[in-house]
Amino acid sequence: MAVKLAAYDPQTIETKWYAFWEENGYFAARRDPSKKPHVIVMPPPNVTGRLHMGHALQDTVQDALTRLRRMQGYEALWMPGKDHAGIATQNVVERALKAAEGKSRHDLGREAFVEKCWEWVGEYGNIILDQKRRLGDSCDWGRERFTFDDAYVKAVQHVFVKLYDAGLIYRGEYLINWCPVDMTALSDEEVDNVERDGFLWYIRYPLEDGSGHLTIATTRPETMLGDAAIAVHPEDERYAHLIGKNAILPLLNRPIPIIADEYVKREFGAGALKVTPAHDKNDFEIGQKHGLECIGIMNLDATINAMGGPYAGLDRFVARERIVADLEALGLLDKTEPHKLTVPISSRSKAVIEPLISRQWFVRMKPLADPAVEAVRSGKVTFYPKRWENEYYRWLENIRDWCISRQLWWGHRIPVWYYPDAQGAIDESRPFLVSVEQPEPGMLQDEDVLDTWFSSWLWPFATLGWPQEKESIKQDLAYFYPGQVLVSGYDILFFWIARMIMAGQYFMGDIPYRDIFITGMIKDKQGRWMSKSLGNGIDPLEMIEQYGADAVRFSLTVLCAQGQDIKLDPTKFEMGRNFANKIWNAFNVFGQFMDEGVAYRRTRRFEDLELVERWMLTRLNQTIVEVNEDIDRYRLNDAITKIYTLFWGDFCDWYLELIKPAPGQAVAAETIALAVEIYEKLLQLLHPFMPFITEDLWWRLRTREAGDACISSAWPVSNPAEIDPSAVEALGLMQALISGIRNVKNEYNVSPGKEIEAILNLPAGANGLQQTMEANKRYFERLAKVKDLKVGVGQAKPKASASVVVGANEVYIPLAGMIDLSIERDRLNKEIAQKEQYVQAVLKKLGNESFVARAPAEVVQGERDKASQAEDELGRLRANLADLG
RNA sequence: GGGUCCUUAGCUCAGUUGGUUAGAGCGCUACGUUGACAUCGUAGAGGUCGGUGGUUCGAAUCCACUAGGACCCACCA
């Protein structure tokens with residue numbers, strides 16, 4: 001204290017205060033019946049993850065909400081953790097293994113490979129959580145969970161068993177999405193349909209009786225190896241005579257029936273469809289209907305199998321080329337047309353998905369989806385912004401069963417047990433048992449693991465210890481569940497957000513959170529997704545190092561408008577850095593005059609405060625109300641913008657400028673006391689968004705008890721007794737007049753530092769105002785360098801002076817010798833022209849009879865007031881112009 | 001094929017239930033090293049809110065159509 005602060009340096013304060021908070025337990029949440037809980041579960045990042053801008057944005061939001069509610073007296077729990085991320089982690093470890101030892105996972109074997117994964121997680125898995133600490137995340141690290149914790153694994157298996165017992169999980173052979181690169185089945189959600197340029201090949205199938213041929217069209221000729229039929233439309237006269245006959249499958253020379261099915265579109269292609277039940281969703285259904293054979297022609301790595309005859313062993317795309325060439329050589333290729341088609345792509349490996357028939361485990365979704373729809377419809381769960389509800393309904397109402405088994409090694413083993421056969425392999429002829437524990441010695445567990453999302457959909461309650469029966473866990477669940485709000489991007493709306501609502505209702509009997517705040521996604525400057533391959537990512541840690549965590553958080557909050565994607569450019573963080581610098585330096589204005597050990601407390605009554613002080617408190621109290629409303633509606637950008645304007649525009653630009661001492665003078669202790677009080681509240685308002693700088697400055701304001709930290713201080717409450725509209729009015733007038741005087745000086749090229757004379761002419765009857773202006777004329781001195789302002793009613797305008805008109809008030813500035821009449825005439829003419837245009841617009845409105853008749857009375861009156869004030873000002877401007885001669 | 005969102009100042013974007021002289025940051029122009037801050041201050045320029053039509057006393061805001069862009073979903077071979 002009493003010393004000017006060193007230059008603002010984010011790095012030093014950030015490490016210091018994070019350690020302080022964490023070590024002193026400020027982030028910890030415990031059951032406290034006297035407080036209301038406020039819970040946010042952090043979307044658990046993948047153990048393979050590194051902090052990206054999306055995390056930075058969402059964490060900033062979650063942390064701001066958590067810190068704010070904590071200050072408001074809630075028991076605020078932000079639950080952190082990490083996700084084992086099945087495929088992602090397995091891939092990363094496989095690559096590392098290849099690079100380090102040149103081995104594949106098969107070289108190691110399952111057990112050793114999983115061991116390697118654990119090693120990898122031990123070494124790198126916490127990186128992202130440490131990066132989150134750099135951002136300032138105030139989560140309760142003591143409760144950190146991992147989807148692979150022993151207890152969590154048990155919860156996942158428990159859920160599987162319960163759903164199986166309820167008939168909501170089943171095993172079956174269906175056409176599923178197979179990724180030939182990752183060698184696993186995938187859910188529909190993990191597949192992206194992308195449009196690609198391809199071809200439509202027209203292929204002749206000779207008729208068995210030698211009477212000619214039938215032409216079909218296909219985009220995937222290699223699948224013809226598995227054809228089981230040709231289908232035509234039952235009412236298609238062209239082909240009616242062929243129904244029931246056989247065609248010969250070219251290349252393999254296998255007879256296949258020609259069948260009729262209404263699915264066939266007569267106008268598409270050749271009007272005849274090859275049916276490959278084992279490799280196409282629609283064909284599968286047609287096959288079922290007509291009892292066709294499913295001829296699988298592909299191996300799991302997407303090479304052709306023995307069923308493909310001469311093409312066996314070839315990759316599917318090589319086989320395609322070969323087949324087209326062979327057909328052409330045989331004269332069986334009618335034509336080739338360019339064709340746009342949608343191709344299924346694995347969202348993870350980007351490989352083309354093959355629809356394959358495979359035995360997998362599925363969750364019956366309809367019974368789970370219906371209550372999830374109802375939860376939102378009934379208003380128990382609310383989306384911010386609202387529009388995401390439509391997307392949510394659309395998905396749930398058309399939901400399909402969820403394929404949850406994955407042919408991976410890194411994941412939760414499926415809790416299904418089989419008897420071994422004589423060779424020690426699974427004996428499929430005997431029934432399996434579904435159980436968390438091994439039911440009988442020697443039984444073999446299912447080889448497959450579960451979809452990662454099958455564990456994360458339990459996150460809101462499994463992290464609290466569910467389904468363990470311990471008393472403390474039950475109490476925690478009762479207290480902390482359900483949570484208040486989930487903050488996430490829309491990219492995982494179906495994967496995770498919707499499924500958590502299903503699981504919460506099914507297993508806990510209640511929704512997992514009341515609000516869902518969907519943030520926009522971070523894009524690059526040109527609006528493209530940030531990706532490694534494009535190299536257009538912005539690293540939040542680099543930004544934190546360059547600008548400071550508070551600056552990064554501030555800028556992200558400002559940019560985070562309701563659900564809009566954010567086109568980010570690193571220079572945006574300058575906004576936050578500049579503001580942090582401003583906050584830091586503002587302290588010096590009064591801080592440098594503070595004396596060590598003095599407890600600065602306000603002693604003056606509100607009524608006895610100076611005008612600018614009453615004005616500042618009024619602005620503060622008004623802003624608190626607005627900010628609270630904004631935050632309740634998740635409009636954090638509005639809230640932070642208002643605090644920013646309050647701090648920079650009101651506090652720094654006007655309040656601090658006016659309490660500054662004259663050169664060589666000190667600031668009065670009572671002035672400091674109020675400045676400390678206001679600054680302290682501003683720091684609190686800023687704290688949820690910019691925790692580090694505010695905590696640091698907080699401790700410089702007063703001697704504080706241990707534990708009296710900004711993070712745990714009580715959120716400011718608006719005091720209605722300290723709102724003074726007359727102060728706002730008076731200071732508002734002064735602001736306008738001072739700006740006007742500065743403008744005059746500027747136009748005349750009078751240096752801002754040069755002292756001038758001025759006369760303030762008030763309208764008749766403005767006695768109170770006259771007193772206020774008289775009493776505070778030093779504001780004009782201070783901010784516009786007006787030497788001894790003359791204030792009065794009916795003051796005459798000196799010859800050859802410039803004038804400023806604000807409402808019925810005028811300031812005359814005699815600029816003897818300096819005044820150039822033509823400059824002043826131009827200035828006044830310009831202002832008159834502007835004002836005339838305005839008056840005209842308002843009068844036109846008032847001249848409209850139906851406006852006067854139909855608009856609400858107060859709106860009409862408002863327009864009348866505007867007109868008369870503007871006309872009055874116009875009159876004064878004209879008079880001043882005429883006066884120039 | 002269905003659906004959602006975006007188009008507002010040179011740039012990036014706010015603008016809540018229709019009534020504001022349409023705002024912010026950056027950039028631009030002029031001036032300014034007055035004891036917090038040049039990561040700053042003061043003053044200023046800059047917009048017929050993509051287009052057309054409609055509803056209304058009144059539209060950036062509501063409706064319809066339309067142009068351009070982004071995204072989601074969908075089994076047309």
Side-chain angles (χ1 to χ4, degrees), chain A residues 4-5 7-8 193 200 216-220 223 231 263-265 268-270 272-276 280-285 339 341-342 355 387-388 390-391 394-395 398 490-491 493-494 520-521 523 525 527-528 547 551 555 558-559 561-569 571-572 574-575 577-592 629-630 633 635 637-638 641 644-645 652-653 656-657 660-661 663-664 739 742-747 749-753 783-785 834-835 837-838 841-842 845 848-856 858-860 862-863 866 870:
Chain A
K4 257 183 89 170
L5 293 180
Y8 171 55
N193 294 307
L200 197 54
I216 59 90
T218 180
T219 54
R220 299 171 61 209
T223 62
Y263 170 80
V264 180
K265 305 275 184 298
F268 186 91
L273 170 73
K274 66 190 257 328
V275 184
T276 321
D280 183 278
K281 213 172 241 178
N282 299 306
D283 291 11
F284 180 75
E285 280 164 26
H339 185 70
L341 66 160
T342 52
R387 63 183 150 94
W388 289 105
N390 294 328
E391 196 87 340
R394 188 177 49 68
W395 185 71
N398 298 298
Y490 52 79
D491 53 335
L493 177 57
F494 310 141
M521 307 298 293
K523 306 284 187 64
K525 203 176 170 179
R528 302 172 304 180
Y547 299 100
S555 291
V558 168
L559 296 171
Q562 289 284 290
Q564 276 332 108
D565 288 348
I566 297 169
K567 281 194 240 171
L568 193 65
D569 164 358
T571 61
K572 298 269 189 201
E574 287 174 13
M575 189 182 3
R577 180 202 56 188
N578 295 353
F579 185 41
N581 190 249
K582 189 79 179 176
I583 296 168
W584 185 261
N585 283 302
F587 172 84
N588 281 330
V589 177
F590 55 89
Q592 62 180 310
E629 285 172 5
D630 288 336
R633 289 180 301 161
R635 308 187 75 101
N637 61 326
D638 287 343
T641 304
Y644 172 89
T645 305
C652 293
D653 290 348
L656 286 184
E657 289 300 332
K660 265 186 198 172
S739 291
R742 285 164 170 173
N743 175 261
V744 167
K745 287 174 104 174
N746 212 290
E747 300 272 339
N749 277 322
V750 176
S751 120
L783 298 177
K785 284 280 176 287
Q834 262 175 11
K835 197 68 76 181
Q837 216 175 13
Y838 176 60
V842 178
K845 223 180 214 179
N848 183 340
E849 278 174 33
S850 43
F851 169 73
V852 178
R854 301 207 193 188
E858 72 260 27
V859 173
V860 177
E863 294 299 313
K866 278 190 210 163

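Throughout, a chain's letter reflects where its sequence line sits, starting with A, and its residues are numbered from 1.
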(message) Tell me if a side-chain donor or acceptor on A/Ser555 pairs with a main-chain N or O of A/Lys572 at a distance below 3.5 Å.
(response) yes
(message) With hydrogens left out and only the distance checked, is there a donor-acceptor pair under 3.5 Å joining A/Lys660's side chain and the base of B/A36?
(response) yes
(request) Mind calculating the distance between CD (A/Gln834) and P (B/U21) to the nearest angstrom? (result) 14 Å
(message) Protein within reach of the bases, or only the backbone? For nucleotides 7-13 of chain B, mark each nucleotide 5' to 3' as B, S or -, using heavy atoms under 4.0 Å.
(response) -----SS
(request) Could you pull out all residues at least two apart from A/Glu657 that satisfy side chain to side chain contact (heavy atoms under 4.5 Å, CB included)? (result) A/Lys660, A/Leu783
(message) What's the closest nucleotide to the side chain of A/Asp653 if the choices are B/G41, B/U16, B/U4?
(response) B/G41
(message) Please report the distance separating the C1' of B/C26 from the corresponding atom of B/U39, rounded so that it comes out in whole Å.
(response) 13 Å
(message) Looking at A/Ala784, is its backbone amide N or carbonyl O close enough to the side chain of A/Lys745 to form a donor-acceptor pair, meaning the two atoms are under 3.5 Å apart?
(response) yes
(message) Taking any heavy-atom pair under 4.0 Å as a contact, classify A/Pro856: base, sugar-phosphate, or nothing.
(response) base
(request) Nearest whole angstrom, please: distance from the C1' of B/U20 to the CD of A/Glu863. (result) 10 Å
(request) Please identify each residue that fulfils salt bridge (charged side-chain N to carboxylate O under 4.0 Å, His left out) with A/Glu391, with sequence neighbours left out. (result) A/Arg394
(message) How many whole angstroms separate atom CG of A/Leu5 from atom P of B/G35?
(response) 18 Å
(message) The criterion is salt bridge (charged side-chain N to carboxylate O under 4.0 Å, His left out); which residues satisfy it with A/Lys582, sequence neighbours excluded?
(response) none
(message) Tell me every residue that passes salt bridge (charged side-chain N to carboxylate O under 4.0 Å, His left out) with A/Arg635, counting only those two or more places apart in sequence or in another chain.
(response) A/Asp638
(request) Quick one: label A/Lys745 by what it contacts on the DNA or RNA (base, sugar-phosphate, nothing), any heavy atom closer than 4.0 Å. (result) nothing
(request) With the side chain of A/Arg635 defined as its heavy atoms from C-beta on, choose the nearest nucleotide among B/G15, B/A36, B/C72. (result) B/G15
(message) Just the rounded figure in Å: distance from C1' of B/U20 to OH of A/Tyr838.
(response) 9 Å
(message) Whole angstroms only, please: what is the CG-C1' distance between A/Asn398 and B/G1?
(response) 14 Å
(message) Just to be sure I follow the notation: if a pair is Watson-Crick (purine N1 to pyrimidine N3 plus N6-O4 or O6-N4) or a G-U wobble (N1-O2 and O6-N3), each under 3.5 Å, what dot-bracket string does RNA chain B give, with | for pairs to another strand?
(response) (((((((..((((.....[...)))).(((((.......))))).....(((((..]....))))))))))))....
(message) Students often get this wrong, so: under 4.0 angstrom with heavy atoms, is A/Ser739 touching a base, only sugar-phosphate, or nothing?
(response) sugar-phosphate
(message) Applying side chain to side chain contact (heavy atoms under 4.5 Å, CB included), can you list everything that pairs with A/Phe268, at least two apart in sequence or on another chain?
(response) A/Leu200, A/Lys265, A/His339
(message) Just the rounded figure in Å: distance from P of B/A24 to CG of A/Asn637.
(response) 16 Å
(message) Between A/Asn743 and B/G44, is there a contact of a side-chain N or O with OP1 or OP2 at under 4.0 Å?
(response) yes
(message) It should be established whether A/Lys582 places a side-chain nitrogen or oxygen under 4.0 Å from OP1 or OP2 of nucleotide B/G41.
(response) yes
(message) Going by salt bridge (charged side-chain N to carboxylate O under 4.0 Å, His left out), name the residues that satisfy it together with A/Arg387, two or more places apart in sequence or in a different chain.
(response) none
(request) Rounded to whole angstrom, note down the C1' distance from B/C71 over to B/C65. (result) 23 Å
(request) Could you tell me which residues satisfy side chain to side chain contact (heavy atoms under 4.5 Å, CB included) with A/Leu5, sequence neighbours excluded, listed by chain and number? (result) A/Trp584, A/Phe587, A/Asn588, A/Leu697, A/Arg700
(message) Walk along nucleotides 26-34 of chain B from 5' to 3' and tag each nucleotide B, S or - by protein heavy-atom contact under 4.0 Å, base first, then sugar-phosphate.
(response) ---------
When you compare the protein's N or O atoms with those of nucleotides 75-77 of chain B, which come within less than 3.5 Å of each other, and at what distance?
| residue | atom | partner | partner atom | Å |
| --- | --- | --- | --- | --- |
| B/C75 | OP1 | A/Arg400 | NH1 | 3.4 |
| B/C75 | O2' | A/Asn282 | ND2 | 2.5 |
| B/C75 | N1 | A/Asn282 | OD1 | 3.2 |
| B/C75 | O2 | A/Asn282 | OD1 | 2.8 |
| B/A77 | N6 | A/Lys265 | O | 3.0 |
| B/A77 | N6 | A/Phe268 | O | 3.1 |
| B/A77 | N1 | A/Lys265 | N | 3.2 |

(request) Could you check how far CH2 of A/Trp584 sits from P of B/C40, rounded to whole Å? (result) 17 Å
(message) Checking the side chain of A/Asn637 only, and the main-chain atoms of A/Leu559 only, is there a donor and an acceptor separated by less than 3.5 Å?
(response) no
(message) If you compare every side-chain N and O of A/Arg742 against the phosphate oxygens of B/A43 (OP1, OP2), does one of them come in below 4.0 Å?
(response) yes
(message) Base, sugar-phosphate or nothing for A/Asn588? Non-hydrogen atoms, less than 4.0 Å.
(response) sugar-phosphate
(request) Would you mind classifying the nucleic acid contact of A/Gly664 as base, sugar-phosphate or nothing, using non-hydrogen atoms under 4.0 angstrom? (result) base
(message) Taking donor-acceptor contacts at under 3.5 Å, does the side chain of A/Glu657 reach the base of B/A36?
(response) yes
(request) Could you check whether A/Arg577 gets within reach of a base, just the sugar-phosphate, or nothing at all, counting any heavy atom under 4.0 Å? (result) base
(message) Going by side chain to side chain contact (heavy atoms under 4.5 Å, CB included), name the residues that satisfy it together with A/Thr276, two or more places apart in sequence or in a different chain.
(response) A/Thr223, A/Asp227, A/Lys274, A/His279, A/Asp283
(request) Rounded off to whole Å, could you give me the CG-to-P distance for the A/Asp638 and B/G15 pair? (result) 7 Å
